[in-house]
Asks: 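Please find one structure pasted underneath; my questions will follow.
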Amino acid sequence: MRSALYFDTPTDFCDFVKLQGDKATTKDGSLFEFHRISHPIRPANSALVLFNFKSRGIHRFIGQPKSIQAEVRGDLLISDKWDHELPVIETKFAKTLVEMVNLSPWSQARADQAISGSVLFRVKSPTQVAALISDSLQLGNDRIYYATLISDDQTDSTLLRIDNPSFYLIQCCLEDRKGDVEVYYPTAEAVFTRWGWEHPLQDWWKQSGKERESSWIFLDESGDFSHLEPVIWQEAYDLTDLELDFQHRREYSRSSNEAPRFTIPLRLEKKASGTVEPELWLLDEGGIAQIESALQITDDESLRFWQLSIQTLENSSRDWLFVRELRSKSKGSRHYDFGGIGFARYRGINDLLLPLGYELQPPLRRDVYRELFQLEPGFCTVLIPEENSQFLILKISERSFDSLSRFVDYIVERDAAELEELMERSIFDFKEYLKAPRHPGLTAAESSDEGNQKKSVSDLGDLETELPGTTTGDEKADGASLLDTINHPESELDESSLGELEKAELQLERKIVAHGQHLETWCQLLHCKNQLGKTADSLITAIEALWLARGSSREEMITQSIVTLAKNLLEIDPLTVTLEDQEWMRRAAVFRIVLNDPLPGKLDEWISETSSFLREHHSGLRAKEQWLAWGQILSKNQDERREAQLREEIRNRIAEQGLGLENTPSFLRSRIFLDRKITGETGTLTAVENAIANLASLQSVAEEFQSERLVHAASAVLARAYSNIGDIARAEALLAAVSESADPCARAWETMFRIEALRGIDQSRAKATDDNLQAILKEADPETQRAIEELKETYRARGDADNPAAFLARENRSRTYPRGPGTEKGALFELSVDLERHITAGDEVGAVSVMRAMMTLEDKSEYDHHVKLPQFVETLVAGLEKFKWGDRGTTLIPLYEEFTGRVPGYVTATNNQFYGSILHSNLAHGLLVVENIEKAIHQLNLAFDLINDSSLSELDFIDAGSALIRTTEQLPLGHRKSIITHLLTSFREKFDVPHSPYLNNERLFAVLARSLDQIAEAASSKDQVSLQQFRSYHLQDEFIILQRIQEESFIKKNQS
Amino acid sequence: MSRERIQELASEMEGIRQRINLVRTRLSEFFVDKEEVLDLMTICAAAQEPLLIVGKPGTAKSDLVVKFCQALGLSGDEYFEYMLTKFTEPGEIIGPVDISQLKDGKYFRRTGGKLPDCKIAFLDEIFKSNSAILNTLLTIINERKFYQDGQPVPVNLKMLFAATNEIPEFEELGALRDRFILKVESKSVRDHSFESLVSKGLRNETLKSFNQRPWEGIASLDDFLKFREYLDLLMLDQGSQHGGDGIEEGKDPYFPAEVFALFRRIIKTLAVEDRLDISDRKIVKLYKLMRTRALLFSGGVVTKDDLTLLQYIPDRLKDFEPVREKVAALLRLTV
């Protein structure tokens, strides 16, 4: 090991060198050897070890070096001073000591480096300080800080620190201000080196950190270093007085009290480019024709997306027709054009519509449009171009828009003649039938019965002898007890002239219609018709029975019956067959052939000929007949493809067009249409008595009307109702009791109602009164004229409608179910959509599953929507109507009955009388579908209780009452009196008040008149009952057809 | 001899200066906001240093050069103009090879009407030239010669103006970039001088249609050549008077010390802070250009104002504006 000197800090070393000066020498003339090592105690720092120093005696000074024995081996220093080796960081050799402390100039590369960080300027002259600060500011750098120094010689100087100063500035200081400004850069913390120079031990300085917390060290190029107390920097702005070196004056302004308003004209201009699809149209004069033209190519489904609004303006003589398209975001426009003027929403604002090709300039913020055009909820604002470049800003109520489907009446033009003929043939005049001579086409066996048309039930005899085949004992029907086994509703016809068999036939037909199709009933009816000699009807009855007899023991017997009947029919003299007989002739021929087994060895020939014949007559057959007939062939030829084709054809036809009317036996159609009417026969006919009782109850309420106008209206509608059921005397009495009013408007109303009443009594008097009305109307005001004409039109249309009460109800149901995002969401909505789909597809399994889910939702809050819930119930009831027949469907009936008691309780909003009553009316309708009259009446009473609430508005009363009446009309006549009487009483309390606007405004009065008419119609109408029964029969028929063709396969049956 | 020549030229110098200055002031009447470009064109023409005009199509680059040449009264053969593409061959610039001489084994080009024969040249889209053109151009620009049959032949080219839409930064074009000491941007004026643009543009169109050139013959090429000669002689004489090359800070009578120091510092600052590539050649050329400007505009002594030429030394378009601002700021400082 060698002797060495150890320096703890670079300051110690610099002090040492300073002291030694140039006179320090090495021991043997070698170079001074310097090793910078890792500090033995603070490894992050460094220390220095000097070898070869020739000591001339160590003077005591601060931080004196320590003498050590050490040796460098490779990268490590070993010493006796420390017990561990110390890494050598750097080694240098120098001739003199001062070389290790004198600053050396930067390399060119270092000099060309851009400046980063702070630079210190030690400035002696205040003038130079100002110049430096000014120059730095001019060069865009104000990160200038200063500190005032007092040096050892008590002279003041200023230390400036500029962060990232301009290189130019430094050059200036180095050159021009050389004596006055010294520039330093930070080498290490608290250590600053002269600009342009670097210390040989620079790195050591960096690592040494703050050696003396109380001083900064400045290293000069001469090697000297000075200490300075650490300074506190201050912003140069604090040192600087800035003055405005230009002429100026100062002034304070104050806010003006006057706030100017700026007027910017908003122009409606033609757009330069860009087209949008219109979504609203104002139709021109030929608007109706335009709509009809467009609708001819529109399907019913698409009508949902179109709405119509009819507006009148004060200064316009014509109605303004607006057609609007409802668009879904996913589907966009349907690209129809209704002509006229098209409008589209402007800049996405739903309730502001501009004519196509126009825009508002300049574009504004959306809320400004709202304010400018005073857009309000419930109205859409349309800018309509007028003459002279003027625009009408029209506000249209959203509620005025109604679905176009409500305005569409489908009329058949092409097949009208045929259908009318069918209708006429379907309306079976029983009495005329009884009186008519025997049909020449009937079998000869029946001629012996001429004069003995009335047959006795006992003549039915044993079914076994009448029909080929055998029956089991328990299926034998005792003729004498036949009537007892039949539970029949009231009869509207004069049955006193009917024989037992005719009565039985009548009751069996009613039973089929009212209570569904059962094999037993069809068989009994077949027996009746056979006995009555109605061969053609018997054939179709047998086919109906065969459809239900699949797999039963009666199938063979019924099949044989068909063969016999067909044979009999075909033996009729062809010359006596009329055109209208072709239907049963075709039927007979088809079944005669298909049920005739092929001869042995002639199967292929039989298949070919039979198929050919069947193809020829296929389109004239009913759905069941097509299936049964082709089934005979398919079971023999095993044509799987044909079977699938046939199945698909029948299913698609039913899905697209429904089960046509021709699929219902004509005698049943006659039964239904006939049962709609209540004849004028008096006596013990329950229906008429019930109707009269209902009307009398209404009359007693009407007699308490205070308003003369209501008295006239009520008397007239009741008189009309009486006349409809044949009670002319009561009708006349009512009309006579009403005196004529002096006021022309009131007299006009009276006369109009009188006309309607007289139509049922005496057409000539009705006509004369109509002429009188025209004269009266000329004296009445225009509004009265318009209202009366509209009501007349309603009555006229009502008279043409199949179901007058439904017609009236339809008009009042326009606003019952709102559409929109509020209702079209949620689990219940999703299920409803699914159910509608299953109903359309005839999917019993799917529909039943969905209906079950609809009635058993776990999240009861789904039901808590007073607007959605009635609508969903209506959909549910439609599903019940269609699918209640099957095994799966029947399981829903008790669930639905239980559901009706439970579901109203889920609605927490208790102040919604309107929708609450609609809900109960719809629930009642469903209960009638499942034939639970008692619970239906209970629901109707609940509906009425809500309608009777005084907080219900007038129009809501009318609408809700209409829905109530519509359901009430499905009840038997004898169950209606209480409901309709209470409703009329409530009506009186609501509207028969002095100064009621409904009595003084003609249009509103027309609404009241319609409502009265509907109540009166409900007292006596059987339309709903009969039509409901027919509908029920029809749906069941559809169901059993789809069920059978889906399950049955002739291919498999044959193979098994 | 040079002293005599100096005196001879000195007697003409005032008139020459006036005419040359008239060129730039007169031409500026027919352009909108192109005084800066015209000043530089005049200075560079006087110093016989190439100038690069940078600008988008339709910013009057070609028109400036054409009118400038017309102002000097140059004839057709004395002026050469060409738009370069990457497909341009040397023959299009310096002339086709003389076939007849080629048969004799001599590689001569027929330079009539081409770059070597002209006095003033305008090369549009100069940076689109390919390497074959590049080498030839560099030799012509820098050494004022080109090679005929292997032998250097001096070219007559006195002034070169070049134009480009943009200045590419490819390394291989560095030498060409460096030849252009000064680069100026010809900007579109429609945003701030729309009316003047339309007005003067229409006027120029009208003059053109009537074949009128009111700017023609303001000065002559000879004026510029004499100007250059005078300056060169001055600098030569300066060196002989003061020893060495005479360009020593503090001893140059035409370049005061403080201005020289400013020049030096600005160059250094731009090199360090803005990383401008300022070669030694460029510094010498800049000195000469400043002397030219000083003589042309103010009679001879370089002032701080002449140092504004330093604004035009960046090689990249994106540096133009920052360097302009910085030089202006540095020149505003107290010296």
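What you see below is based on every heavy atom in this structure, not just the backbone, and it leaves out hydrogens, waters and symmetry mates.
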Asks: Give a yes or no on whether B:Phe194 atom CZ has more than 12 heavy-atom contacts from other residues, nucleotides or ligands under 6.0 Å away.
Replies: no
Asks: Within a 6.0 Å radius of atom CZ on A:Arg110, are there more than 12 heavy atoms belonging to other residues, nucleotides or ligands?
Replies: yes
Asks: In this structure, are over 12 heavy atoms from other groups packed under 6.0 Å from A:Glu90 atom CD?
Replies: yes
Asks: Considering the options B:Val272, B:Ile266, B:Leu270, which one meets the side-chain contact (heavy atoms from CB on, under 4.5 Å) requirement together with A:Tyr168?
Replies: B:Ile266
Asks: To the nearest 0.5 Å, what is the distance between SG on A:Cys172 and CG on B:Leu330?
Replies: 8.5 Å
Asks: Taking NZ, NE, NH1 and NH2 as the nitrogens, is one of them in B:Arg275 or A:Asp112 under 4.0 Å from a carboxylate oxygen of the other?
Replies: no
Asks: Between B:Glu273 (side chain only) and A:Ala114 (backbone N and O only), is there a donor and an acceptor less than 3.5 Å apart?
Replies: no
Asks: Tell me whether A:Tyr252 at atom OH has more than 12 heavy atoms from other residues, nucleotides or ligands lying less than 6.0 Å away.
Replies: no
Asks: Might you confirm whether atom CG of A:Asp238 has over 12 heavy atoms from other residues, nucleotides or ligands at distances under 6.0 Å?
Replies: yes
Asks: Can you tell me how far the CG atom of B:Leu331 sits from the CD atom of A:Gln138, to the nearest 0.5 Å?
Replies: 11.5 Å
Asks: Say you draw a straight line from OG of A:Ser136 to CG of B:Leu333; how long is it, rounded to the nearest 0.5 Å?
Replies: 9.5 Å
Asks: Test salt bridge (Lys or Arg N to Asp or Glu O under 4.0 Å) on A:Asp176 and B:Arg265; report intermediate values, then the result.
Replies: CA-CA 11 Å; A:Asp176 296 341; B:Arg265 285 182 207 145; 2.6 Å; yes
Asks: Chain A heavy atoms under 4.5 Å from B:Ala271: which part of the residue, side chain, backbone, both or neither?
Replies: neither
Asks: Would you say that more than 12 heavy atoms from the other residues, nucleotides or ligands in this model lie under 6.0 Å from the CG of A:Leu244, or not?
Replies: yes
